[in-house]
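Counting begins at 1 with the first residue of the sequence.
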Amino acid sequence: MVIIKASKDSEAGVMPSEKLLTEMGKFNEELVDAGIMLAGEGLQASSKGARVKFSGEKRTVVDGPFTETEELIAGYWIWKCDSLAEAIKWVKKCPNPHPDQESEIEIRQVYEAEDFGAEFTPELREQEERLRAEAEKLSKT
């Protein structure tokens, strides 16, 4: 997962310029053509979101906006890369998501079924595969 960190502008709802949208569109085309990009979206400001805090059985809803801009996410991609080094290589080609500002993109590996070991029983694997197939059908409708 490639995470684009938020900025004060993205949190204020400032939309990207046509130039940046064009550059990102071209970059996304490169990713798709290379078989790297599986998904990707921009996220609206945290003022339009909420957090649910868990404390034992208790749930508390906290409405946005959230003040820690450097910890927030403005968008993401899901990529399929052979290594962290390959993902880094691609991120280095990315247009600066917040032109004229210092910005940051974080790369995190998504767990695969094998990573969970014996606790991920055959029954749980079967359930996971079934749910993924159902979710994929829904995304195509």
Side-chain angles (χ1 to χ4, degrees), residues 1-56 58-141:
M1 179 176 209
V2 179
I3 302 164
I4 300 168
K5 299 292 185 110
S7 69
K8 287 183 179 172
D9 283 349
S10 67
E11 276 299 292
V14 175
M15 298 306 291
S17 67
E18 180 180 347
K19 180 180 186 285
L20 179 58
L21 290 172
T22 300
E23 290 173 355
M24 282 295 190
K26 288 179 184 175
F27 181 64
N28 287 341
E29 283 184 16
E30 287 181 53
L31 292 167
V32 169
D33 290 346
I36 300 293
M37 185 174 160
L38 303 178
E41 300 293 336
L43 302 177
Q44 293 196 19
S46 67
S47 61
K48 296 184 178 183
R51 289 181 177 164
V52 179
K53 292 187 176 191
F54 291 74
S55 180
K58 184 179 176 187
R59 308 297 186 261
T60 305
V61 177
V62 179
D63 293 323
F66 307 114
T67 57
E68 320 82 31
T69 304
E70 66 279 350
E71 295 178 13
L72 298 175
I73 298 171
Y76 70 93
W77 285 286
I78 301 293
W79 292 353
K80 183 71 173 172
C81 295
D82 292 329
S83 66
L84 177 59
E86 181 181 19
I88 291 169
K89 180 181 123 191
W90 279 100
V91 168
K92 285 181 167 183
K93 294 180 181 182
C94 181
N96 183 346
H98 305 294
D100 305 322
Q101 298 180 41
E102 189 170 297
S103 59
E104 186 173 79
I105 294 179
E106 182 176 334
I107 303 167
R108 301 279 301 274
Q109 188 169 346
V110 174
Y111 279 109
E112 302 280 341
E114 305 79 47
D115 297 326
F116 292 102
E119 289 80 6
F120 200 49
T121 64
E123 295 81 15
L124 291 171
R125 287 176 190 262
E126 182 180 311
Q127 177 189 36
E128 177 73 13
E129 289 171 12
R130 180 177 43 79
L131 292 172
R132 284 183 185 267
E134 288 177 25
E136 190 170 328
K137 284 181 196 173
L138 286 175
S139 72
K140 292 181 179 180
T141 59

Completion exercise
Between the CD1 atom in Ile107 and the CD1 atom in Ile88, the distance rounded to the nearest 0.5 Å is 5.0 Å
Exercise for the section: Among residues two or more places apart or on two chains, list those pairs meeting salt bridge (Lys or Arg N to Asp or Glu O under 4.0 Å) that have a residue in residues 31-47. Expected result: none
Problem - Beyond-backbone contact of Met37 with Asn28, side-chain heavy atoms, under 4.5 angstrom - result: yes
Problem - Charged N-O contact under 4.0 Å between Glu68 and Arg51 - result: yes
Problem - Value rounded to 0.5 Å, distance of SG in Cys81 from CD in Gln109 - result: 10.0 Å
Problem - Atom pair CH2/CD1 of Trp77 and Ile36 - distance to nearest 0.5 Å - result: 12.5 Å
Exercise for the section: Not counting sequence neighbours, list each pair that qualifies as a salt bridge (Lys or Arg N to Asp or Glu O under 4.0 Å) and has a residue in residues 92-109. Expected result: Lys5-Glu104, Lys5-Glu106, Glu106-Arg108
Problem - Rounded distance (nearest 0.5 Å) linking atom CE of Met24 with atom SG of Cys94 - result: 3.5 Å
Show me, pair by pair, the donor-acceptor contacts under 3.5 angstrom made by side chains of residues 116-128, not counting sequence neighbours?
residue	atom	partner	partner atom	Å
Thr121	OG1	Glu123	OE1	3.3
Thr121	OG1	Leu124	N	3.2
Arg125	NE	Phe120	O	3.2
Glu128	OE2	Arg132	NE	2.9
Glu128	OE2	Arg132	NH2	3.2

Fill in the blank from the handout: Of Pro65, Ser7, Ser46, the one forming a side chain to side chain contact (heavy atoms under 4.5 Å, CB included) with Leu72 is Ser46
Practice task
Answer yes or no: does atom CD of Gln101 have more than 12 heavy-atom neighbours from other residues, nucleotides or ligands under 6.0 Å?
Solution key: yes
Problem - Residue pair Ser103 / His98, side-chain donor-acceptor N/O under 3.5 Å - result: no
Completion exercise
For Ala50 and Asp63 the tightest heavy-atom approach is CB-OD1, 3.9 Å
Exercise for the section: Identify the two heavy atoms, one from Val110 and one from Asp115, that lie closest to each other, and give their separation to 0.1 Å. Expected result: O-OD2, 4.4 Å
Exercise for the section: Evaluate whether atom CD of Glu18 has more than 12 neighbouring non-hydrogen atoms of other residues, nucleotides or ligands under 6.0 angstrom away. Expected result: no
Handout entry: Value rounded to 0.5 Å, distance of OG in Ser10 from CD in Gln44
Key = 11.5 Å
Practice task
Salt-bridge test for Glu30 and Lys26: reply yes if a basic N is under 4.0 Å from a carboxylate O, no otherwise.
Solution key: no
Problem - Which atom of Arg59 lies closest to which atom of Gly56, heavy atoms considered - result: NH1-O, 3.0 Å
Problem - Lys58 backbone acceptor or donor facing Ser55 side chain under 3.5 Å - result: no
Practice task
Using a 4.5 Å cut-off on heavy atoms from C-beta on, say whether the side chain of Val91 contacts that of Trp79.
Solution key: yes
Problem - Heavy atoms of other groups near Asp82 CG, more than 12 under 6.0 Å - result: no
Practice task
With rounding to the nearest 0.5 Å, note down the distance linking CG in Leu43 to CD1 in Ile73.
Solution key: 7.0 Å
